[in-house]
Each structure stands twice: as C-alpha cells, then as structure tokens.
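For reference, the structure is listed below as structure tokens.
These numbers come from the heavy atoms of this one structure, side chains and all, not from hydrogens, waters or symmetry mates.
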Amino acid sequence: MIRVYADTSVFGGVFDAEFSEASRTFFQLVAEGRFQLVISSVVQEEIEPAPENVRQFFSEMAATADFIATSDAAIQLRRA
C-alpha cells in the first residue's frame, strides 16, 4: 500500500471551497484503503488551534493513520 503524508492544509482543505473537492477525494481514497495516511506530531500540533470541524475531521482520520516521529531536521526545515 502506498503511504501518503498529509500536512495540515490537506485537513483544512476539506472545508475550504477552493480545495474541498481534491481534499475530499484524497480522504475518500484513504477510507477505501487505497492509501495509508501518515501524519506527524507537527500536524497534530498545528491542528490544535483550527476550527472545531477541522479538529473533529482530523481526529476521525487520525484513528487509522500511521504516526511518524518528528526529527530535529524536520523541525528546522519547518522553521525555515
């Protein structure tokens, strides 16, 4: 199975008119088992201040996602 990392914007995109169709299609493919969703603690932290509907959707999808460890290099890249 193909593992796909989704960043914070993909979860928010579900509720954004411009990106909703693509984001919903992606998550439907995840739900169908075509992709294995991968998320990190960075995404989890960035979702915390998001609107309730985004946090709820993230929680539902996170239940079946693989979590990856965040390295120092990844944190430095994020800050850049």
Side-chain angles (χ1 to χ4, degrees):
M1 180 178 304
I2 298 172
R3 294 168 41 108
V4 180
Y5 180 82
D7 70 9
T8 309
S9 64
V10 180
F11 291 94
V14 169
F15 303 99
D16 184 303
E18 184 177 356
F19 302 106
S20 180
E21 185 177 344
S23 293
R24 288 181 185 274
T25 298
F26 168 72
F27 286 114
Q28 180 61 42
L29 293 171
V30 169
E32 292 172 2
R34 306 262 315 265
F35 301 118
Q36 175 59 47
L37 180 62
V38 179
I39 53 181
S40 70
S41 59
V42 171
V43 174
Q44 192 169 25
E45 290 171 18
E46 291 177 347
I47 289 289
E48 288 177 8
E52 176 62 29
N53 58 348
V54 176
R55 292 193 318 266
Q56 178 63 37
F57 182 74
F58 174 80
S59 292
E60 292 169 11
M61 297 306 298
T64 60
D66 287 343
F67 280 84
I68 57 172
T70 305
S71 67
D72 289 336
I75 297 297
Q76 290 175 3
L77 181 59
R78 178 179 118 181
R79 289 181 184 147

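- Note that OG of Ser23 is 10.0 Å distant from CD of Glu21, once rounded to the nearest 0.5 Å.
- Sorted by first then second residue, the salt bridge (charged side-chain N to carboxylate O under 4.0 Å, His left out) pairs that include residues 27-40, not counting sequence neighbours, number zero.
- Here Thr70 pairs with Ser41 under the side chain to side chain donor-acceptor pair (under 3.5 Å) rule; sequence neighbours left out.
- Residue pairs meeting the salt bridge (charged side-chain N to carboxylate O under 4.0 Å, His left out) criterion with at least one member in residues 59-75, sequence neighbours excluded, are Arg3-Asp66.
- For Arg55, the salt bridge (Lys or Arg N to Asp or Glu O under 4.0 Å) criterion is met by Glu52, not counting sequence neighbours.
- By the 4.5 Å side-chain criterion applied to Ile, Leu, Val, Met, Phe, Trp and Tyr, Phe57 is assigned to a cluster that also includes Ile2, Val4, Tyr5, Val10, Phe11, Val14, Phe15, Phe26, Phe27, Leu29, Val30, Phe35, Leu37, Val38, Ile39, Val43, Ile47, Val54, Phe58, Met61, Phe67, Ile68.
- Arg24 meets the salt bridge (Lys or Arg N to Asp or Glu O under 4.0 Å) test with no other residue; sequence neighbours excluded.
- Between atom CD of residue Glu46 and atom OG of residue Ser40 there is a gap of 7.5 Å, rounded to the nearest 0.5 Å.
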